[in-house]
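Convention: sequence-line order gives letters A, B, ...; per-chain numbering from 1.
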Protein chains: 2
Amino acid sequence: MGKVTIRDVAKHAGVSVASVSYVLNGIDKITEETKQKILNSIRELDYKPSITARCLSSGESKLIGICLPITEKGDIPGDLLENNPFFSEFISGIEFVTRNKGYDILISGFDRNMRYKDWIQSRRIDGLIILGVYPKTIFEEISSINIPIVLSDAYEEYASEFHRVMLNDELGGYMAARHLIDLGHKDIAFVSGSIKNSYINKNRYQGYKRALKEANIKLNKNLVYEEHVTFNGGYRIGMEMVKSRCEATAVFAAADIMAIGIMKSFLENGCRIPEDVSIIGFDDIKFAQYTVPGLTTVKQDIIMKGRVSAEMILSDLKNNQRTNHSVLLQPELIVRGSTASIK
Amino acid sequence: MGKVTIRDVAKHAGVSVASVSYVLNGIDKITEETKQKILNSIRELDYKPSITARCLSSGESKLIGICLPITEKGDIPGDLLENNPFFSEFISGIEFVTRNKGYDILISGFDRNMRYKDWIQSRRIDGLIILGVYPKTIFEEISSINIPIVLSDAYEEYASEFHRVMLNDELGGYMAARHLIDLGHKDIAFVSGSIKNSYINKNRYQGYKRALKEANIKLNKNLVYEEHVTFNGGYRIGMEMVKSRCEATAVFAAADIMAIGIMKSFLENGCRIPEDVSIIGFDDIKFAQYTVPGLTTVKQDIIMKGRVSAEMILSDLKNNQRTNHSVLLQPELIVRGSTASIK
DNA sequence: ATAATTAATTTAACCGTTTAACTTAAGCAA
DNA sequence: TTGCTTAAGTTAAACGGTTAAATTAATTAT
């Protein structure tokens, strides 16, 4: 079983392999009668065409590659999917689109040894989706790859030759700060990863500043914190705020995972949320619903990001061309219990 | 680029394709001199052998398939990876092992239409790892598949013809209950999914009962709750307990995700953890560290489960045989802040 | 010196498809 | 009847590797 080939079918049906191939591919060259004979043989022998052979012949692998960054900083070295809690949602989104189109997805770590290039070539990957943020040298590296490529969150100028799917991070930052301002807060801390090195953080920060300006609140640089975008990073910052008797009445953390770390350190120090301090996050990871109180946050629809990415790839593949589109998704404010009016 | 074949290399080096193939496969037949010539050409032309072609010729696809259940009950229909928070860890474990052995992993939903069988045949998957629990008819279905298969958490008698990787759930249940008993608790609730339909829950329940018996505590059936293994399932049970003024001083939830739901409903109702009630979970999902207080739990090493699964497959593949081993992993008690001595 | 052995390399068949090009037979017009 | 189209198949060459068998060259034994 599993070993029956197109020749077996042809022999069984008493026709040539070409005829079998033609009915398999819906090429209208075969009489209804012969066609039925062939379909019968296929059924009887439980024949399944080999995608491998098809790929060799057609040049298409029907494989979409997904590259994830391998971070050594993660809790578990080499842990691919858990480093960033929404990689798995992103992948689900991709899978949702590709599933019924005959494509499979292949996942690889994206390490500095550039093994991924071998991988793409040797597996003859049809399209590539790259998650996460990488140093700029990467763009030169991948520009020699001759398949449709989608980058997520690549704001850089020189990334414009690829497909891009992004979030309106500036607006998200604005919405978060605006929400806190509307609740009466004036001393609003901003917490994120490196603002210099990441356009994501930079844009969210811009949005934050715009909201402050609009409300005539002077930016207080002492309330801007940068740390690793991890639970522990947030926890450390929370501790620092508590110890330094930080005057902020509200905190905008540009990542839920950091917001949750901050919340934990606040709560452990007897600081009540939202009575003493409001916290808003960003992303709306699943766990944002599970905290006590629930985490108010700016949602980005990661599943949609995955779907859009896959659709851009599939569209290029279908039309047999390489285009480059940018899709900008819009954020959404999700209000839960962690924010409240200032006393 | 990406289009250079073994024939190009052969021509460039002035040898036959066979010679190139032999040095590629490390077959010791070629003079050092010729070998260097060939290696030079490979480098110069940036040649990468096509795995597809290799697969066709050798019959191996170097692909490991992973089947995940597609649950319609999940928050997001068709959301593959988020339904169960440790699928992604499991996959990371598998990927960790296969990464440097030249294997890639392919992920598919495991739906009742049995599309996965076509998938295995047409992709010529070399080995299969099945996650999650399925109705017993599945076992007949998959027994006709002629590749090494690993089942996770399949305790059923008729699953013994496959590789299995399991956790000592009974011991885990015992450890959880024992921990609470050691803290002085006597009224200990047990919360899980269906005990009848799942060996996992059944075994954890057995362990719980063994610990009670050992401590001469009479089993109180009123303290046994069954619900969906989701955050909301736990939340509903928590509400029910609060409303019915449940006499339990401690709760053992046989899944962290439920424990977290229970915690949330307790905390929202002014019930303090661990002062008023202790809670222990099971699994040690990542978020168990992030709750306030941190969730005491029985850890199962999911990454290890993934690694072991992959190793069983790879071992069979290497030795070109189909064996069937069972690996029983041991749980570990992780004490955090959600459990404390009874007042 | 010749035959036998061994080492290095090449030839060609094969893996399972697709598809361009070819064949055959039937249908139709003049 | 002859020639031209068209429909329905078939043949055979690709696709890019692997590998058994054949070939050639070099070495050793007799």
Next item on the list: Under 4.0 Å between any heavy atoms, over every strand shown, what does A:K35 touch: base, sugar-phosphate, or nothing? Just pick one.
Entry: nothing

Checklist line | 5' priority, DNA chain C, between A:I27 and B:V17 [closest heavy atom] | finding: B:V17

Margin query: The side chain of B:A18 is closest to which nucleotide in this list: D:dG9, C:dT17, D:dT19?
Written below: D:dT19

Item checked: B:S58 side chain near C:dC15 phosphate (N/O to OP1/OP2, under 4.0 Å) -> no

Notebook entry, point to check: Mapping A:T31 and B:A53 onto DNA chain D by nearest heavy atom, which one lands closer to the 5' end?
Noted result: A:T31

Note to self: By nearest atom, which of the nucleotides C:dT9, C:dA12, D:dG17 is closest to the B:T34 side chain?
What the structure shows: C:dT9

Margin query: Using the side-chain heavy atoms of A:K29, tell me which of these nucleotides is nearest: C:dT17, D:dT18, C:dA21.
Written below: C:dA21

Notebook entry, point to check: Quick one: which of A:R43, A:K37, A:E44 gives a side-chain hydrogen bond (donor to acceptor under 3.5 Å, both in side chains) with A:N40?
Noted result: A:R43

Note to self: Can you tell me which nucleotide in D:dG16, C:dT17, C:dT10 comes closest to the side chain of B:S57?
What the structure shows: D:dG16

Checklist line | Out of D:dT19, D:dG16, C:dT10, whichever nucleotide has its closest atom nearest the side chain of B:S21 | finding: D:dT19

Notebook entry, point to check: Across the strands shown, which category fits A:S16 at heavy-atom distances under 4.0 angstrom: base, sugar-phosphate, nothing?
Noted result: base

Check: Taking OP1 and OP2 of C:dT18, is either one under 4.0 Å from a side-chain nitrogen or oxygen of A:N25?
Finding: yes

Next item on the list: Kindly say if B:S19 contacts the phosphate of C:dT10, meaning a side-chain N or O under 4.0 Å from OP1 or OP2.
Entry: yes

Margin query: Of the listed nucleotides (C:dT18, C:dG16, D:dA21), which one gets closest to any side-chain atom of B:Y22?
Written below: D:dA21

Notebook entry, point to check: So, A:D8 and A:K3, do they make that salt bridge, N to O below 4.0 Å?
Noted result: no

